2 protein chains.
Amino acid sequence: MADDDLVFKALADPSRRFLLDLLFARDGRTLTELESELAMTRFGVAKHLKVLEEAGLVVTRRSGREKLHFLNPVPIRQIHDRWIDKYTERHVTALLDLKNALEEEP
Amino acid sequence: MADDDLVFKALADPSRRFLLDLLFARDGRTLTELESELAMTRFGVAKHLKVLEEAGLVVTRRSGREKLHFLNPVPIRQIHDRWIDKYTERHVTALLDLKNALEEEP
DNA sequence: AAGTTATGAGACCAATAGGTCACATGTCAA
DNA sequence: TTGACATGTGACCTATTGGTCTCATAACTT
């Protein structure tokens, strides 16, 4: 399977995106720790983490019998750069900054 | 279906990503024009464009019997901002700029 | 060494998605 | 107004995917 296909397929599932959210909030967690946050069996979570790892969205490091999971932002940035050039980026960020400002302070 | 789910599901298919690539290169094309670039029937392409439009990745404008398609970068930027904070963004862009420079000039 | 803890591999089933086709509507041009 | 052009709808089949379970390996603790 193509490299980018693995990334987009991995992002297509809400449980996997939630796992990325958890790792974005705090890195270096184990499977058991992440499992406790999902309404799913350990096997399901392990399967999702494997998909994320094979896509390069999550990188891991073993520490004894534990496996620590870290978020890798590179593939996300590459998605961005594929369809947003430097010129458009200025407009879009300005637009979204304005939107966020309006939503926070009505 | 949740808003972000529509976006990620839409991006999960390679044909739809190719359609976004085509629109990124040149906006405002019709279904018939896009169809000629894909090895697929018109119905397949129309279905994909509908998915992209419902996700907000493509916006359309009617002109007589034709329907013109445009790329909308906002959802893409929102994916970026979900998992890359301002601090990390500096590191990742620097890294990818370096990578691109090395690949272009060996 | 023995028990407990952390993770891994593969079979299996139900639900979903990609692609094609038959059929249909609306628009332009002569 | 008649024919060609551009797009839309819903049924249908097949392949893929999410989730659970059984079985199994490896590492820490006492």
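We name chains A, B, ... by the order of the sequence lines, and we start the count at 1 in each one. Note that the structure is predicted; figures quoted are calculated from it, not measured.
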Practice problem: Could you tell me whether the phosphate oxygens of D:dG18, OP1 or OP2, come under 4.0 Å of any side-chain nitrogen or oxygen in A:Arg16? | Solution: yes
Quiz item: Regarding B:Thr60 and B:Glu53, is there a side-chain donor-to-acceptor distance under 3.5 Å anywhere?
Solution: yes
Quiz item: Distance from B:His69 atom NE2 to B:Leu31 atom CG, nearest 0.5 Å?
Solution: 6.0 Å
Self-check item: A:His48 and A:Arg16: side chain donor to acceptor below 3.5 Å
Solution: yes
Exercise. Enter the distance from A:His91:NE2 to A:Asp85:CG here, rounded to the nearest 0.5 Å.
Key: 9.0 Å
Quiz item: OP1 or OP2 of C:dT7 sitting under 4.0 Å from any side-chain N/O of A:Thr32?
Solution: yes
Quiz item: Separation of B:Glu66 atom CD from D:dA4 atom P, in whole Å?
Solution: 19 Å
Quiz prompt | Nucleotide of C:dA11, C:dA6, D:dC5 approaching B:Arg65 most closely (side-chain heavy atoms) | solution = D:dC5
Quiz item: Within this structure, what is the CZ-to-C1' distance between A:Phe18 and D:dG19, rounded to whole angstrom?
Solution: 17 Å
Quiz item: Of all the choices, D:dG19, D:dT7, C:dG19, which nucleotide is nearest to the side chain of B:Thr30 once you look at every atom?
Solution: D:dT7
Quiz item: Think A:Arg62 has a side-chain N or O under 4.0 angstrom from the OP1 or OP2 of C:dG8?
Solution: yes
Practice problem: Grab the NE2-P distance between B:His48 and C:dA17 for me, whole Å please. | Solution: 13 Å
Quiz item: To the nearest angstrom, how far is A:Lys47 atom NZ from C:dA11 atom P?
Solution: 11 Å
Quiz item: For the side chain of A:Phe43, counting heavy atoms from C-beta on, which of D:dT7, C:dC21, D:dT20 is nearest?
Solution: D:dT20
Self-check item: Whole angstrom value for the distance that separates P of C:dT20 from CD of B:Glu35
Solution: 11 Å
Quiz item: Which nucleotide in the set C:dC21, D:dA27, D:dT17 lies at the smallest distance from any side-chain heavy atom of A:Lys9?
Solution: D:dT17
Quiz item: Mapping A:Lys67 and B:Ala12 to their closest nucleotides on DNA chain C, which lands nearer the 5' end?
Solution: A:Lys67
Practice problem: Scan B:Gly64 against the nucleic acid and name what it touches under 4.0 Å (heavy atoms): base, sugar-phosphate only, or nothing. | Solution: sugar-phosphate
Practice problem: Round to the nearest Å and state the distance from A:Arg42 atom CZ to C:dA9 atom P. | Solution: 12 Å
Quiz item: Taking atom C1' of D:dG19 as reference, at what distance in whole Å does atom NZ of A:Lys50 sit?
Solution: 15 Å
Quiz prompt | Upstream residue (5' side of DNA chain D) when A:Thr41 and B:Glu53 are each assigned their closest nucleotide | solution = B:Glu53
Exercise. Could you state the atom-to-atom distance from CG of A:Asp5 to C1' of D:dT16 in whole Å?
Key: 12 Å
Quiz item: From C:dG19, D:dT9, C:dG8, pick the nucleotide closest to the side chain of B:Asp13?
Solution: C:dG19
Quiz item: Closest approach of A:Leu57 and A:Pro75, non-hydrogen atoms and distance?
Solution: CD2-CB, 3.9 Å
